[in-house]
Amino acid sequence: NSATLFIPNLFVNQKELYRIICKEDSAVIPVFAQSWWLDAVCDAVDDWQVELALKGEQLIGAWPYLLKEKFGMLLLRNPRLTPYLGPLIFFPPDVKESNRDSYEYEVTEQLFSALPAADMWRLSVWPDFKQVGLIKRGGVNIGVQQTFLLDLLQTEPVIFQNFKESLRRNIKASEGKISIATEPEALADLFRFQESTLSQKGVVQSYNIQHLERLMSACLAHNSGTLWVASEGEKIQAIVWNVWDENRSYYLMGGMNPDGDNYRAMSALLWHCIREAKKRGNKYFDFEGSMDGGVERFFRSFGGKRTLYLVLKRDELWLWKILKALRLRK
């Protein structure tokens, strides 16, 4: 992010100041770091906090985070339904390209040192964050996950032509048969579709319908997300929850009707999301990644660039404390 943000002359704490920044300079804050998003995905408003980095009256960085206590330990992690979170660096408009990395390092160091001590870390950070050395020297381990980023600055015909041939066939075959509409009220259907798919894999959802309803209400209120529903006749075939900010559009989650047999619907839905993102002026469509082989193959067929993002992890002390607690109970 490039911005020059100046601190208002108000006697407020860091969190309230961050709320002001999110409201007045929302264009430089990604959707997952917006204060309204964090309010919606956390169980309590007090669960999330933020550290700010200042240079005089200028804000140069922010690091919002969720800190929870569990089993007598402090856990620093992403809130549910939040794929990325971590340090935000606000570069001066006139920063030279040769100085960007040093500037990012210094701001990250200031933010990292201000974070509270925690027994366990599990933070998935922004795909463009690369200050690995600083984090490693701070005693935090590094893992990686992947996403696919589709460049929306290309023309629409070029984007479509870069799709895998079978994907293009599916999309063309859906024309005239699959209708797509905005239907946020179909949220219960999406939850049911996902629940069915995950149960077949032996996976339990980490959220309930109330969590989704609260977040959807917030997305709609801030014009930052909706549900796109693909139907054939009267029957819903697939649903995608699409969210966005100033720069990127994201596939947050999706589901296919377990009683349907129409993979064309999901292909058509994502193509619709991509076209809408391009109309909106977003620079990238982020598929938000998956380590599942089948999902990865599907996302890869859209021609996006495979991009790795870091997962900051510290769990050795957590495991030790759990084992110790179990021994004391014997």
Side-chain angles (χ1 to χ4, degrees), residues 31-32 81 83-84 127 145-184 186-187 189-191 193-194 196-198 212 216 219 224-232 235-245 247-258 260-307 309:
V31 62
F32 303 124
L81 303 168
Y84 312 127
Q145 293 200 44
Q146 64 183 2
T147 185
F148 291 90
L149 298 181
L150 184 62
D151 182 0
L152 298 180
L153 297 181
Q154 305 170 93
T155 66
E156 193 173 295
V158 169
I159 291 174
F160 187 77
Q161 190 58 39
N162 286 336
F163 290 175
K164 191 175 179 181
E165 183 181 353
S166 58
L167 176 63
R168 296 200 303 271
R169 285 199 304 267
N170 273 340
I171 293 171
K172 290 178 180 178
S174 70
E175 295 175 358
K177 298 178 181 178
I178 299 292
S179 61
I180 296 176
T182 303
E183 298 181 28
L187 193 59
D189 294 296
L190 174 59
F191 183 77
F193 294 172
Q194 282 203 325
S196 175
T197 300
L198 293 175
L212 298 187
M216 176 56 71
C219 286
S224 295
T226 192
L227 286 191
W228 295 108
V229 177
S231 302
E232 188 167 6
K235 187 174 185 178
I236 294 177
Q237 295 290 337
I239 303 174
V240 163
W241 189 341
N242 181 202
V243 301
W244 56 82
D245 52 39
N247 293 309
R248 296 189 182 188
S249 184
Y250 306 84
Y251 170 92
L252 183 65
M253 66 173 68
M256 295 182 61
N257 191 337
D261 187 25
N262 194 338
Y263 287 92
R264 294 174 301 178
M266 186 59 76
S267 301
L269 267 182
L270 282 171
W271 176 224
H272 181 82
C273 291
I274 290 166
R275 295 174 73 188
E276 289 295 312
K278 187 165 177 60
K279 290 178 187 176
R280 204 180 297 116
N282 294 137
K283 297 177 183 178
Y284 292 97
F285 188 87
D286 187 339
F287 288 86
E288 202 271 285
S290 178
M291 304 302 280
D292 180 275
V295 175
E296 178 191 340
R297 283 192 297 275
F298 179 56
F299 286 168
R300 191 169 64 230
S301 67
F302 286 84
K305 180 180 179 181
R306 187 190 301 270
T307 304
Y309 60 95

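The figures here come from the full heavy-atom set of this structure, side chains too, leaving out hydrogens, waters and symmetry mates. In what follows, residues are counted from 1 in the order of the sequence shown.
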Checklist entry - Yes or no on side-chain contact (heavy atoms from CB on, under 4.5 Å) for Val240 and His272, after CA distance, side-chain angles and deciding distance? => result CA-CA 10 Å; Val240 163; His272 181 82; over 6 Å; no
Checklist entry - Hey, mind stepping through Arg264 and Lys177 against side-chain contact (heavy atoms from CB on, under 4.5 Å) and telling me if it holds? => result CA-CA 10 Å; Arg264 294 174 301 178; Lys177 298 178 181 178; 3.7 Å; yes
Item to check | Stepwise side-chain contact (heavy atoms from CB on, under 4.5 Å) test for Ile159 and Trp271 | outcome: CA-CA 10 Å; Ile159 291 174; Trp271 176 224; 3.9 Å; yes
Next on the checklist: Met256 vs Phe193, test: side-chain contact (heavy atoms from CB on, under 4.5 Å). Steps then yes/no.
Outcome noted: CA-CA 6 Å; Met256 295 182 61; Phe193 294 172; 5.8 Å; no
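Shown here is Tyr284, whose OH atom has no more than 12 heavy atoms of other residues, nucleotides or ligands within 6.0 Å. Within a 6.0 Å radius of CZ in Arg306, other residues, nucleotides and ligands contribute more than 12 heavy atoms.
Looking only at distances, a side-chain donor or acceptor of Asp245 sits under 3.5 Å from a matching main-chain atom of Val31. Under the 3.5 Å distance criterion, the side-chain polar atoms of Asn242 are matched with a main-chain donor or acceptor of Tyr250. Asp151 contributes a side-chain N or O that, together with a main-chain N or O of Leu153, makes up a donor-acceptor pair within less than 3.5 Å. Counting only distance, with no hydrogens or angles, the side chain of Ser174 and the backbone of Ile171 share a donor-acceptor pair below 3.5 Å. Under the 3.5 Å distance criterion, the side-chain polar atoms of Lys278 are matched with a main-chain donor or acceptor of Leu152.
Below 30°, between 30° and 60°, or above 60°: for Phe32 and Tyr84 the angle between ring planes is above 60°, a perpendicular geometry. Between Phe287 and Phe302, the two ring planes are tilted [angle within 30° to 60°].
Note that OG of Ser249 and CG of Asp286 are 9.0 Å apart. Values are rounded to the nearest 0.5 Å. Between the CD1 atom in Ile180 and the CD atom in Gln237 there is a gap of 12.0 Å [rounded to 0.5 Å]. The CG atom of Leu167 sits 11.0 Å away from the CD atom of Glu165 when rounded to the nearest 0.5 Å. Rounded to the nearest 0.5 Å, atoms CH2 (Trp241) and CD (Gln194) are 9.5 Å apart. In this structure, CE on Met266 lies 11.5 Å from CD1 on Ile178, to the nearest 0.5 angstrom. Separating the CG atom in Leu187 from the CZ atom in Phe191 is a distance of 9.0 Å, to the nearest 0.5 Å.
With sequence neighbours excluded, the residues forming a side-chain contact (heavy atoms from CB on, under 4.5 Å) with Gln161 are Arg168, listed by chain and number.
Taking the six-membered ring for Trp and the full ring otherwise, the centers of Tyr251 and Phe299 sit less than 6.0 Å from each other.
Between Glu175 and Lys172 there is no salt bridge, since none of the side-chain N atoms of the basic residue sits less than 4.0 Å from a carboxylate O of the acidic one. A salt bridge does not link Lys279 to Glu156: none of the charged nitrogens lies less than 4.0 Å from a carboxylate oxygen.
Considering all non-hydrogen atoms of both residues, Leu190 and Gly254 come closest at CD1-C, 3.6 Å. Scanning all heavy atoms of the two residues, the minimum distance from Phe285 to Cys273 falls at CE1-CB, 3.8 Å. When all heavy atoms of Leu227 and Pro184 are compared, the closest pair comes out as CD1-O, 3.7 Å. Taking both residues in full, the closest heavy atoms of Pro127 and Arg248 are given as CG-NH1, 4.1 Å, listed atom of the first, atom of the second, then distance. Here the closest non-hydrogen pair linking Ala186 and Val229 is CB-CG2, 3.8 Å. Shown here for Leu252 and Glu288, the closest heavy-atom pair between the two residues is O-OE1, 3.8 Å.
Side chains of Arg300 and Lys164 form no contact here, defined as non-hydrogen atoms less than 4.5 Å apart. Contact of the Asn247 side chain with the Asn282 side chain is not registered, since no non-hydrogen atoms from C-beta on lie closer than 4.5 Å. For the pair Tyr309/Pro83, no side-chain contact is recorded, criterion being any heavy-atom separation below 4.5 Å from C-beta on.
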